[in-house]
Amino acid sequence: MLQQAPPWLDVSYGLATALRLSPTLAQVRVTLGIIAIGTGNYEQAVEELQAALANDPANGDAYRELGRAFDALNDTAQAEKTFLAAIER
């Protein structure tokens, strides 16, 4: 019996397509970061969320999720710094 692909896989494909068409869409990168956090790929999440902030430095969602990724990596100092930056936004 074939296993059904997880729902986030279809979403990730659509988001990757959106990035190819418009690589500066910060919210797409935030969503990819959220998916990466949810699947335990915290380093990838950090990369996606930092890319989101490079394109939209005032994106509070990106800061919040980046803080979550750093927290999951047990980098509490960076997580705290990032959460504080989210509050300032």
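Along the sequence shown, the residues carry numbers beginning at 1.
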Given the rule that I, L, V, M, F, W and Y join up when any side-chain heavy atoms are under 4.5 Å apart, are L25 and V30 in one cluster? no
Are I34 and Y42 connected in the hydrophobic side-chain network, where two residues link if heavy atoms are under 4.5 Å apart? yes
Please report the interatomic distance [atom1]([X]) to [atom2]([Y]), rounded to the nearest 0.5 Å.
X	Y	atom1	atom2	value
R20	L15	CZ	CG	11.0 Å
Q27	N55	CD	CG	12.0 Å
L73	Q78	CG	CD	10.5 Å

Has Y63 got a side-chain atom pairing as donor or acceptor with L84's backbone, closer than 3.5 angstrom? no
Is there a side-chain contact (heavy atoms from CB on, under 4.5 Å) between F70 and L66 once you walk through the steps? CA-CA 6 Å; F70 282 131; L66 183 57; 3.5 Å; yes
Could you report the tightest heavy-atom contact between [X] and [Y], atom names first, then the distance?
X	Y	value
L53	N59	CD2-O, 3.7 Å
E65	I37	O-CD1, 3.4 Å
F83	G67	CZ-C, 3.4 Å
G33	A45	O-CB, 3.5 Å
D71	A79	N-CB, 3.7 Å

Whether over 12 other heavy atoms sit under 6.0 Å from Q50 CD: yes
Using salt bridge (charged side-chain N to carboxylate O under 4.0 Å, His left out), reason through D61 and R64 one step at a time and then give a plain yes or no. CA-CA 5 Å; D61 292 336; R64 183 188 67 241; 3.0 Å; yes
Can you pull out every salt bridge (charged side-chain N to carboxylate O under 4.0 Å, His left out) where at least one residue sits in residues 34-50? Sequence neighbours excluded, please. R29-E48
Who pairs with D56 by salt bridge (Lys or Arg N to Asp or Glu O under 4.0 Å), at least two apart in sequence or on another chain? none
Go through it in stages, so that I can follow the logic: the residues are L49 and T82, the test is side-chain contact (heavy atoms from CB on, under 4.5 Å), and I'd like the CA-CA distance, side-chain angles, deciding distance and then a yes or no. CA-CA 11 Å; L49 295 161; T82 306; over 6 Å; no
